[in-house]
Amino acid sequence: KLLSHWNLLAKKEINFLEKIIYDCVKIKSAVVSKDEFEISGLRKILNLGHTFAHAFESYSNYTLSHGKAVIAGIISALSLSLEMGLMSEKQFNYMLDLPLKFKSSIQLKNINEKEIFRLMEYDKKSRDGEIKFVLIKNFGEILVDVAANRKLIYKALRRTEKILV
C-alpha cells in the first residue's frame with residue numbers, strides 16, 4: 001500500500017493528496033498505538049532519516065526547517081542503505097524520486113562530514129559509541145538500530161550533497 005501511495009505522490013496527483021495524508025496519519029497512528037512507549041521498537045520505523053535530519057538542523061543553526069531536514073535525512077538514509085548494500089542502484093533511484101520533488105527548497109551545501117558525524121553521535125538513537133540508523137532494505141523492509149561505520153556515513157553524506165546541489 002505504501003508503495004502505491006509513493007507512486008501517487010511522486011506523480012503529484014493533487015486529487016490523491018488528501019487520501020495519502022489521511023492514510024499516512026492512520027498508519028502513523030496505528031504504529032504509535034502499538035508501541036506508544038517505544039517498548040517493542042516498532043515505533044522506530046517512523047524515524048527514517050531522522051538521525052541525519054537532527055544533525056542537519058543543528059548544523060544549520062536551525063535555519064533548515066525540520067521538514068526540509070527530514071527530506072535531506074531521508075535522502076541520506078537511502079544513500080546509506082545503498083552504500084551498505086541493502087538495496088540496488090535501481091531501487092535507490094526509484095525511492096529517491098519522491099524526495100527529489102522537494103530538492104529545490106532545501107539549502108544544504110558545503111556539508112562538513114566530520115561535524116555532521118559529531119552531531120549524530122549526540123543523537124538519542126546513538127548508543128554504546130555507535131550511531132544507529134533506520135534504513136531501508138529493498139522495497140518495504142525497514143531496519144531499525146542499524147550501526148554504520150564512519151566511512152560509509154561520510155560516503156552517504158557526500159552522495160546527499162551531490163544530490164542536493
Side-chain angles (χ1 to χ4, degrees), residues 1-12 16-17 19-21 23-35 38 40-57 64-103 105-106 108 111 113 116-117 119-121 123-127 130-165:
K1 188 171 187 176
L2 188 58
L3 196 54
S4 67
H5 284 89
W6 187 281
N7 288 331
L8 294 174
L9 192 55
K11 292 177 185 175
K12 292 189 174 179
F16 297 107
L17 192 55
K19 180 175 176 20
I20 291 168
I21 292 170
D23 285 349
C24 287
V25 169
K26 277 180 37 180
I27 291 166
K28 184 173 183 175
S29 176
V31 168
V32 171
S33 69
K34 288 180 182 174
D35 190 17
E38 296 188 21
S40 73
L42 175 65
R43 189 170 173 172
K44 291 178 183 181
I45 67 171
L46 301 175
N47 291 324
L48 176 69
H50 280 70
T51 302
F52 287 103
H54 294 148
F56 293 151
E57 285 175 299
L64 186 63
S65 73
H66 181 68
K68 291 176 182 177
V70 169
I71 293 168
I74 289 171
I75 292 169
S76 297
L78 290 172
S79 296
L80 185 56
S81 296
L82 177 66
E83 295 297 339
M84 294 183 74
L86 299 173
M87 67 174 63
S88 70
E89 190 84 34
K90 182 178 179 180
Q91 290 168 323
F92 171 76
N93 289 325
Y94 183 82
M95 289 188 218
L96 192 61
D97 188 57
L98 179 60
L100 286 182
K101 304 283 187 217
F102 306 96
K103 171 183 171 177
S105 68
I106 302 171
L108 192 63
I111 296 173
E113 300 160 357
I116 297 293
F117 186 89
L119 291 166
M120 286 192 293
E121 289 179 308
D123 189 272
K124 69 180 182 179
K125 292 175 287 304
S126 296
R127 289 182 303 286
E130 291 185 318
I131 301 171
K132 304 289 185 165
F133 297 91
V134 176
L135 300 177
I136 296 180
K137 181 177 180 184
N138 300 314
F139 287 116
E141 187 178 343
I142 306 294
L143 305 176
V144 297
D145 293 330
V146 178
N149 69 45
R150 183 184 304 253
K151 181 180 175 184
L152 291 177
I153 294 168
Y154 283 7
K155 286 176 87 173
L157 288 168
R158 284 192 294 272
R159 183 182 292 266
T160 299
E161 187 171 28
K162 285 179 187 172
I163 289 168
L164 291 175
V165 171

| message | Return the CD1 to CD1 distance between Ile142 and Ile136, rounded to the nearest 0.5 Å. | response | 4.5 Å

| query | Between Phe139 and Tyr94, what is the ring plane arrangement, given parallel below 30°, perpendicular above 60°, and tilted in between? | reply | perpendicular

| In Å and rounded to the nearest 0.5 Å, what is the OG to CG distance from Ser79 to Leu152? | 11.5 Å

| message | So does Ala147 get a backbone contact from the side chain of Glu130, meaning a donor-acceptor N/O pair under 3.5 Å? | response | no

| said: Please evaluate residues Val134 and Thr51 with respect to the criterion side-chain contact (heavy atoms from CB on, under 4.5 Å), reporting the C-alpha separation (whole Å), side-chain torsions for both, the decisive distance (0.1 Å), and the verdict. | reply: CA-CA 8 Å; Val134 176; Thr51 302; 6.0 Å; no

| Taking all atoms of both residues into account, what is the closest heavy-atom pair of Thr160 and Ala72, and its distance? | CG2-O, 4.0 Å

| task | Determine the minimum heavy-atom distance between Ser76 and Ala156, stating which atoms define it. | result | O-CB, 3.9 Å

| message | According to side chain to side chain donor-acceptor pair (under 3.5 Å), who are the partners of Arg43, at least two apart in sequence or on a separate chain? | response | none

| remark: When rounded to the nearest 0.5 Å, the distance separating CG of Leu98 from CD1 of Ile74 is 8.0 Å

| request: Determine which pairs satisfy salt bridge (Lys or Arg N to Asp or Glu O under 4.0 Å) with at least one residue from residues 65-78, sequence neighbours left out, and list them in order. | output: none

| remark: Sequence neighbours excluded, the answer for side-chain contact (heavy atoms from CB on, under 4.5 Å) partners of Lys34 is Leu42

| message | side-chain contact (heavy atoms from CB on, under 4.5 Å), that's the test. Do Asn47 and Val144 meet it? Break it down for me. | response | CA-CA 9 Å; Asn47 291 324; Val144 297; over 6 Å; no

| note | Separation between CZ (Phe56) and CG (Leu164), nearest 0.5 Å, reads 7.5 Å

| request: Starting at CG of Leu96, measure out to NZ of Lys101 and round the result to the nearest 0.5 Å. | output: 10.5 Å

| What pairs with Val146 under side-chain contact (heavy atoms from CB on, under 4.5 Å), at least two apart in sequence or on another chain? | Met84, Leu135, Leu143

| task | Using the test side chain to side chain donor-acceptor pair (under 3.5 Å), find all partners of Ser81 that sit at least two apart in sequence or belong to another chain. | result | none

| request: With sequence neighbours excluded, tell me which residues meet side-chain contact (heavy atoms from CB on, under 4.5 Å) with Ser29. | output: none

| field | Worked verdict on Ile71 versus Ser105 for side-chain contact (heavy atoms from CB on, under 4.5 Å) | value | CA-CA 10 Å; Ile71 293 168; Ser105 68; 5.7 Å; no

| Minimum-distance pair of heavy atoms, taken over all atoms of Met87 and Phe92 | SD-CA, 3.5 Å

| remark: Closest non-hydrogen atoms of Ala69 and Ala53, given as atom of the first, atom of the second and distance, are O-CB, 3.3 Å

| query | Residues in salt bridge (charged side-chain N to carboxylate O under 4.0 Å, His left out) with Lys155, at least two apart? | reply | Glu83

| field | Contacts of Asp35 that satisfy side chain to side chain donor-acceptor pair (under 3.5 Å) - sequence neighbours left out | value | Ser40

| task | Identify, with sequence neighbours excluded, every residue that meets side chain to side chain donor-acceptor pair (under 3.5 Å) alongside Ser88. | result | Gln91

| field | Spatial distance of atom CD1 (Ile116) from atom CG (Leu108) [nearest 0.5 Å] | value | 7.0 Å

| field | Partners meeting side-chain contact (heavy atoms from CB on, under 4.5 Å) with Ala30 (sequence neighbours left out) | value | none

| request: Measure across Gly73 and Phe52 and return the closest heavy-atom pair with its distance rounded to 0.1 Å. | output: CA-CB, 3.7 Å

| task | Give the intermediate values and the outcome of side-chain contact (heavy atoms from CB on, under 4.5 Å) for residues Leu82 and Leu78. | result | CA-CA 6 Å; Leu82 177 66; Leu78 290 172; over 6 Å; no

| message | Taking salt bridge (charged side-chain N to carboxylate O under 4.0 Å, His left out) as the definition, give me every residue that meets it alongside Arg150, ordered by chain and number, with sequence neighbours left out. | response | none

| request: Keeping to residues at least two apart or across chains, list the salt bridge (Lys or Arg N to Asp or Glu O under 4.0 Å) pairs with something in residues 85-96. | output: Glu89-Arg159

| note | What one should report as the nearest heavy-atom pair of Leu64 and Glu57 is O-CG, 3.9 Å

